[in-house]
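Atoms considered below: every heavy atom in the structure, side chains included; atoms not considered: hydrogens, waters and symmetry mates.
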2 protein chains.
Amino acid sequence: MSSSQTVKRGTSSAGGNSVLHRRRKFVTAATELFSNNGFHETTVKEIAEKAGASPGLIYNYVRDKEELLLLAIMEVLESYKKEIPRAVRDNNDPILRFSAALTAYIKVVADKPKATLLAYRYTAILPSEMRNKIKEMEVETNQIISDCIAACITAGYFRKINVEFISYRVVLLAHGWALKSWRLGKLHGVEEYIDGNLDLFLTALFTSKGRHHYRKFCKA
Amino acid sequence: MSSSQTVKRGTSSAGGNSVLHRRRKFVTAATELFSNNGFHETTVKEIAEKAGASPGLIYNYVRDKEELLLLAIMEVLESYKKEIPRAVRDNNDPILRFSAALTAYIKVVADKPKATLLAYRYTAILPSEMRNKIKEMEVETNQIISDCIAACITAGYFRKINVEFISYRVVLLAHGWALKSWRLGKLHGVEEYIDGNLDLFLTALFTSKGRHHYRKFCKA
DNA sequence: TTTTAAAATGAATGATTGTTCATTTAATTT
DNA sequence: AAATTAAATGAACAATCATTCATTTTAAAA
């Protein structure tokens, strides 16, 4: 079910994760090449070259060129799933948690915009089984944002709007940074992008109680 | 510079745009196939088949498979550039013009979501000369939105925010419908999507004068 | 009708490239 | 050291397809 028949993970001796390490080497090489030149435009030979190995060896660690794509996309999504909760955790106030989530999401996208676009460009070409895995991960990340928003609503800081709706808007916004920088070039820096959008969101969502509550943090 | 060496447009007789018509046939066939199955996954043979012709003939009307892609993308963008101003024109009040622009944009995207994604997926693989053409068209469409926003600001209805910034957010939002429906499936209908987002935008942007002014239209 | 030109065909071409596998190299074990 | 297993190589294979072009069909002109 997982990936490759010929290689068993964790053979012999102690820790024995070297197999996964070598696989990661191919995946990162692939990620870079796919991001810069596109999936179809990248040959397996090039990936091997960049990873410092021969083309044939790749097939010991991966079934397909396609699996390499799946792993590349998943690596990106996993970094989302790791970074965002980390940022949220550091805050207690619902509004600050929301802000942190939004900020973290945009920042992690801004950190590797091209890799982010991989998911947009190439999820479609994967078989549905793989597509579902990706979709699943996205939904999980969305959930984090949704929870923040819901908390703000129950605290009476945000007015009662559809949570999923706003959640998706936040996600789109974050991805928007990657989409934008590729298509329109830079109009402004990430910081401005974050601040501007956060301002827009809060203004649109605050109740008067929320607005009041938030003032405290601005002064500090 | 334009497209094909072997065919001159507007030969002989009267109107004589039949050449362009036959070319369009290939382009629409290509658009559909590229949208559904992807560019690389579509063969020239398939395009010819769908257009009811032979593969070889395509090359009388188009230099490349790539040019077919360019034309497919441009056809979509041109429909944007046509529909949105049409909707804006019917309104006089700045706020209504803005609303109309946003609504029209989302609707035209919702009308052919897959085609919209073509630009996202495949602009990157086109040679820079073609890419620039596409970018140019996008900027033109953006300009329409920007003008609406600027008008709202000078009328004192919107607070003074960066116009380009908001403009891009509107565009992203519209595209977001296509991106979403592909990735997350339908959470809600287009109408809800439009209303919800319009509400969010207006709440975030209104001055008190603007809010006041807008109430009139809501009652009517 | 005869001639000439345009439109259309589709089999053949040529180049590309993912994948395999017989073979070599390196590491482990006995 | 010898034997055995794992890791790695890279040339060869097979399939795919964009593109071409000699040929046929259709239309227009003389």
Side-chain angles (χ1 to χ4, degrees), chain A residues 3-27 29-30 33-34 37-72 122 125-127 130, chain B residues 3-27 29-30 33-34 37-72 122 125-127 130:
Chain A
S3 54
S4 155
Q5 260 74 30
T6 50
V7 174
K8 295 144 225 143
R9 73 185 260 181
T11 24
S12 67
S13 61
N17 57 354
S18 66
V19 168
L20 289 179
H21 265 73
R22 258 166 297 161
R23 167 147 98 163
R24 179 187 298 277
K25 214 176 170 189
F26 289 119
V27 173
L33 289 167
F34 291 164
N37 311 330
F39 175 73
H40 299 282
E41 288 74 13
T42 302
T43 68
V44 174
K45 210 175 175 184
E46 286 172 321
I47 298 170
E49 220 165 285
K50 170 153 264 188
S54 60
L57 186 57
I58 292 183
Y59 292 85
N60 281 0
Y61 298 94
V62 136
R63 195 202 316 280
D64 270 319
K65 194 188 172 191
E66 265 187 5
E67 191 178 60
L68 225 34
L69 175 61
L70 173 67
L71 292 172
Y122 298 117
I125 74 172
L126 292 173
M130 295 181 175
Chain B
S3 54
S4 156
Q5 259 74 29
T6 49
V7 174
K8 295 142 224 144
R9 74 186 257 179
T11 26
S12 66
S13 60
N17 56 353
S18 67
V19 167
L20 289 179
H21 265 73
R22 258 167 298 163
R23 167 146 97 162
R24 179 185 299 275
K25 214 176 169 190
F26 289 119
V27 174
L33 289 166
F34 291 164
N37 311 330
F39 175 74
H40 299 282
E41 288 74 12
T42 302
T43 68
V44 174
K45 210 176 176 183
E46 287 172 321
I47 298 169
E49 220 164 287
K50 171 152 263 187
S54 61
L57 186 58
I58 291 184
Y59 293 85
N60 281 2
Y61 299 93
V62 134
R63 195 203 315 282
D64 269 320
K65 194 187 171 190
E66 264 186 6
E67 191 177 61
L68 225 35
L69 174 61
L70 174 67
L71 292 172
Y122 299 117
I125 75 173
L126 292 173
M130 294 181 176

Here the distance between atom P of D:dA7 and atom NZ of A:Lys25, to the nearest Å, is 15 Å
B:Arg23 CZ to C:dA7 C1', in whole Å, measures 17 Å
Heavy atoms of A:Glu41 and A:Glu46 approach each other most closely as O-OE1, 3.8 Å
Quick one: does A:Val44's side chain get under 4.5 Å of A:Tyr59's, heavy atoms only? yes
Here the distance between atom P of D:dC17 and atom CG of B:Leu68, to the nearest Å, is 16 Å
Check your understanding: Should the ring pair B:His40 and B:Tyr122 be called parallel, tilted or perpendicular, given that the plane angle runs from 0 to 90° and is split at 30 and 60?
Key -> perpendicular
Taken to the nearest whole Å, CZ/A:Arg22 to P/D:dA6 is 13 Å
State, with a plain yes or no, whether a side-chain heavy atom of B:Arg22 is found less than 4.5 Å away from one of B:Leu57. no
Given protein heavy atoms under 4.0 Å, the one-letter contact record of nucleotides 18-23 of chain C, with B base, S sugar-phosphate only and - none, is simply SBB---
Here the distance between atom P of D:dT19 and atom OH of B:Tyr61, to the nearest Å, is 18 Å
From CD of A:Glu49 across to P of C:dT17 the rounded distance in Å is 13 Å
For A:Ile47 and A:Ala29 the tightest heavy-atom approach is O-CB, 3.9 Å
Discussion item. Contact between B:Phe39 and B:Lys65 at the side-chain level, heavy atoms closer than 4.5 Å - yes or no?
Written reply: yes
In whole angstroms, the gap separating P of C:dA7 from CG of B:Leu20 amounts to 12 Å
